[in-house]
Amino acid sequence: MGDACLITIAKADDLAEYKELLEGIVDLAEHEISIINNGGTSEWYFNHLNEIILPEAKELLEYILKGQLFLKYGRDQRRLESTYYMTDWIIPVDDTPLGIFIRKLQHKINAQE
């Protein structure tokens, strides 16, 4: 895992909130992918949804279901790849429903002791 670390989440309320946020991100990302696959338009790019957002959320959810928060880049660097994507993107996706869920998750992770 390199610099990655796991933090055990002891509070049931915290686990429930992480689970809700991550399931929301997965659902919203899959919804955006469905829109694109059906010929609709989205502020999000298919590749970013399919290669960054969805895999990251699913991986984090797997750990949360085991009671752990997975920090891929270590305890000191808590930034999600999804958050990097949103801040580096020309199109403002941070105020979309998916972007809001990602920002809430990032805030929750930043506040985690």
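On a predicted model such as this, the values are computed, not experimentally measured, just so you know.
When all heavy atoms of V26 and A57 are compared, the pair lying nearest together is CG2-CB, 3.8 Å. Here the closest heavy-atom approach between residue I9 and residue Y18 is recorded as CD1-CE1, 4.0 Å. What you find for L105 and L22 is that their closest heavy atoms are CD2-CD2, 3.5 Å. Closest of all the heavy-atom pairs between W44 and G99 is CZ2-N, 3.7 Å.
Residues K19 and E23 are paired through a salt bridge, judged by an N-O separation under 4.0 Å between the basic side chain and the carboxylate. A salt bridge does not link K72 to E56: none of the charged nitrogens lies less than 4.0 Å from a carboxylate oxygen. The pair E17-K11 does not count as a salt bridge, with every side-chain nitrogen at least 4.0 angstrom from each carboxylate oxygen.
Q106 contributes atom CD, which lies 4.0 Å from atom CG of L80 (distance to the nearest 0.5 angstrom). For the atom pair CG (L15) and CG (L65), the distance works out to 9.0 Å, reported to the nearest 0.5 Å. One finds the CD1 atom of I53 at 4.0 Å from the CD1 atom of I102 (value rounded to the nearest 0.5 Å). Distance check: E43 CD to L98 CG gives 10.0 Å after rounding to the nearest 0.5 Å. Note: H107 NE2 to L21 CG = 10.5 Å, rounded to the nearest 0.5 Å.
Residue E20 places its CD atom among 12 or fewer non-hydrogen atoms of other residues, nucleotides or ligands, all under 6.0 Å distant.
Within the 4.5 Å cutoff, the side chain of F70 has heavy atoms near those of the E59 side chain. Taking the side chain as every heavy atom from C-beta outward, L54 and I25 never approach each other to under 4.5 Å. The closest side-chain heavy-atom distance from Y63 to L69 is not below 4.5 Å. A 4.5 Å side-chain heavy-atom check between L49 and I36 finds at least one atom pair inside the cut-off.
R78 contributes a side-chain N or O that, together with a main-chain N or O of Q112, makes up a donor-acceptor pair within less than 3.5 Å. The closest donor-acceptor contact from the side chain of N38 to the backbone of S34 lies under 3.5 Å.
Listed by chain and number, the residues in a salt bridge (charged side-chain N to carboxylate O under 4.0 Å, His left out) with R103 are D95 (sequence neighbours excluded). Looking at residues two or more places apart in sequence or on another chain, you find no ring-ring contact (aromatic ring centres under 6.0 Å, His included) involving F101.
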